[in-house]
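First up is the structure itself, then whatever we jot down about it.
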Number of protein chains: 2
Amino acid sequence: MRSKAMEQKPTNSEVDILSVLWRLGPSSVREVYEDMNQRREIGYTTVLKLMQIMFEKGLVTRNEDSRAHIYSPLQAQADTQRTLIDDLVERAFGGSAHKLALNALSSKKATPEELAEIRSLLDHLEEQK
Amino acid sequence: MRSKAMEQKPTNSEVDILSVLWRLGPSSVREVYEDMNQRREIGYTTVLKLMQIMFEKGLVTRNEDSRAHIYSPLQAQADTQRTLIDDLVERAFGGSAHKLALNALSSKKATPEELAEIRSLLDHLEEQK
DNA sequence: CGCATTCTACGAATCATTTCGTATAATGCG
DNA sequence: CGCATTATACGAAATGATTCGTAGAATGCG
């Protein structure tokens with residue numbers, strides 16, 4: 001039983017766009033387009049259409065005060081990330097989030113600060129037992 | 001520059017099938033079908049077709065000695081998982097694997113043993129500095 | 001042997017996602 | 001004002017993933 005409405009998993013392209021919005025903050029289609037287009041070739045109206053669809057789906061809101069609408073994610077970044085993680089954990093890690101964490105940590109160059117951050121989280125988790 | 005050929009990211013259905021193979025070991029289409037069909041409704045020939053496509057793509061091998069071919073993953077489980085994690089990290093975590101790890105660990109009920117396992121990994125990682 | 005069962009192969013429908021062309025409205029500037 | 005530029009909206013093609021029907025070959029059993 002969940003208290004919130006089930007959050008739908010965004011498609012790959014939708015995640016790409018959310019990522020830009022997370023990084024840039026509320027943005028116009030053009031701004032998102034400019035950013036995305038640096039990483040991979042994509043047309044302006046393609047981005048526009050995607051964002052319109054996301055608006056219809058309720059993945060983003062938009063402010064229509066100015067001619068160029070300004071889009072913002074509707075869900076918190078962490079919530080969307082959680083949805084994506086849960087899906088991957090379920091599908092490829094037999095439901096075990098810690099296995100995913102283990103795999104993500106190993107062999108990836110993390111700074112000492114980042115490792116410390118994780119330690120800190122572990123301490124926190126154990127306290128709560 | 002990678003030493004190995006670029007590993008293609010399996011589709012969702014393909015990951016589902018790989019998951020079954022990881023769990024059951026080398027299996028026939030029917031075995032995979034039986035298992036998968038318990039979780040979600042899916043037709044036998046659908047599974048067959050998927051596995052045939054995976055064979056063509058080089059995601060799995062198969063032993064054709066017996067009439068019912070026996071399929072096995074071609075890549076190590078950990079490698080495939082790594083591919084999936086990398087993709088998600090890139091797409092939704094701004095390239096930061098440790099952020100994904102943090103998110104995966106927090107709020108998920110992990111056993112003390114699992115937490116210890118992660119600590120142990122951290123120790124290991126820090127030693128290598 | 002002859003039939004029911006179980007396989008593989010394969011084409012093609014269906015469905016989801018991504019892509020973009022075109023129409024048209026708003027804006028800004030010389 | 002009139003034109004170039006930049007928006008949105010929208011339909012629909014293109015692509016990718018999933019699904020399944022059907023055909024025909026192998027197997028096993030009475």
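Being a predicted model, the structure only gives us computed values, none of them experimental. Letters A, B, ... are given to chains in the order of the sequence lines, protein chains preceding strands, and every chain is numbered from 1. Hydrogens, waters and symmetry mates play no part in the numbers below; they use all other heavy atoms, side chains included.
The separation between Leu50(A) atom CG and dA9(D) atom C1' is 14 Å, rounded to whole Å. In this structure, CD of Glu56(A) is placed 15 Å from P of dA16(C), rounded to the nearest angstrom. Taking atom OH of residue Tyr44(A) and atom C1' of nucleotide dT22(C), one finds them 15 Å apart after rounding to whole Å. What separates CG of Asn12(A) from C1' of dT15(D) is a distance of 14 Å, to the nearest Å. One can place CD of Glu64(A) at 10 Å from C1' of dT8(D), the figure rounded to the nearest angstrom. Distance CD (Gln52(B)) to P (dT19(D)): 15 Å, rounded to an integer number of Å. Atom-to-atom, CD of Glu31(A) to P of dT8(D) comes out at 11 Å; the value is rounded to the nearest Å. Asp16(B) has its CG atom 12 Å from the C1' atom of dA17(D), to the nearest Å.
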**Report entry** Trace of the side-chain contact (heavy atoms from CB on, under 4.5 Å) decision for Leu84(B) with Phe93(A)
**Finding:** CA-CA 11 Å; Leu84(B) 295 170; Phe93(A) 289 84; 5.6 Å; no

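A close approach under 4.0 Å does not occur between any side-chain nitrogen or oxygen of Ser28(A) and OP1 or OP2 of dA7(D). Here Ser13(A) reaches the OP1 or OP2 of dT18(C): one of its side-chain N or O atoms lies under 4.0 Å away.
Here the side chain of Gln81(A) pairs a donor or acceptor atom with the backbone of Ala92(B) at under 3.5 angstrom. Judged by distance alone, the side chain of Ser27(A) and the main-chain N or O of Gly25(A) form a donor-acceptor pair under 3.5 Å. Under the 3.5 Å distance criterion, the side-chain polar atoms of Arg82(B) are matched with a main-chain donor or acceptor of Asn103(A).
Note on Val32(B) and Leu74(B): separate hydrophobic clusters, where clusters join Ile, Leu, Val, Met, Phe, Trp and Tyr whose side-chain heavy atoms are under 4.5 Å apart, directly or indirectly.
Under the 4.5 Å side-chain criterion, counting only non-hydrogen atoms from C-beta, Asp65(B) is not in contact with Ile70(B).
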List every contact pair, protein side and nucleotides 21-26 of chain D side both N or O, where the distance is under 3.5 Å.
residue	atom	partner	partner atom	Å
dG21(D)	N7	Thr45(B)	OG1	3.4
dA26(D)	N3	Arg67(B)	NH1	3.4

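Comparing dT19(D), dT19(C), dT8(D) by their nearest atom to the side chain of Arg40(B) picks out dT19(D). Between dT8(C), dT6(D), dT18(D), one nucleotide has an atom nearer to the side chain of Arg30(A) than all others, and that is dT6(D).
A residue-by-residue look at His69(B) and Gly43(A) shows that His69(B) has its nearest nucleotide of DNA chain C further toward the 5' end.
The 12-atom threshold is exceeded at CD of Glu64(A), counting heavy atoms of other residues, nucleotides or ligands nearer than 6.0 Å.
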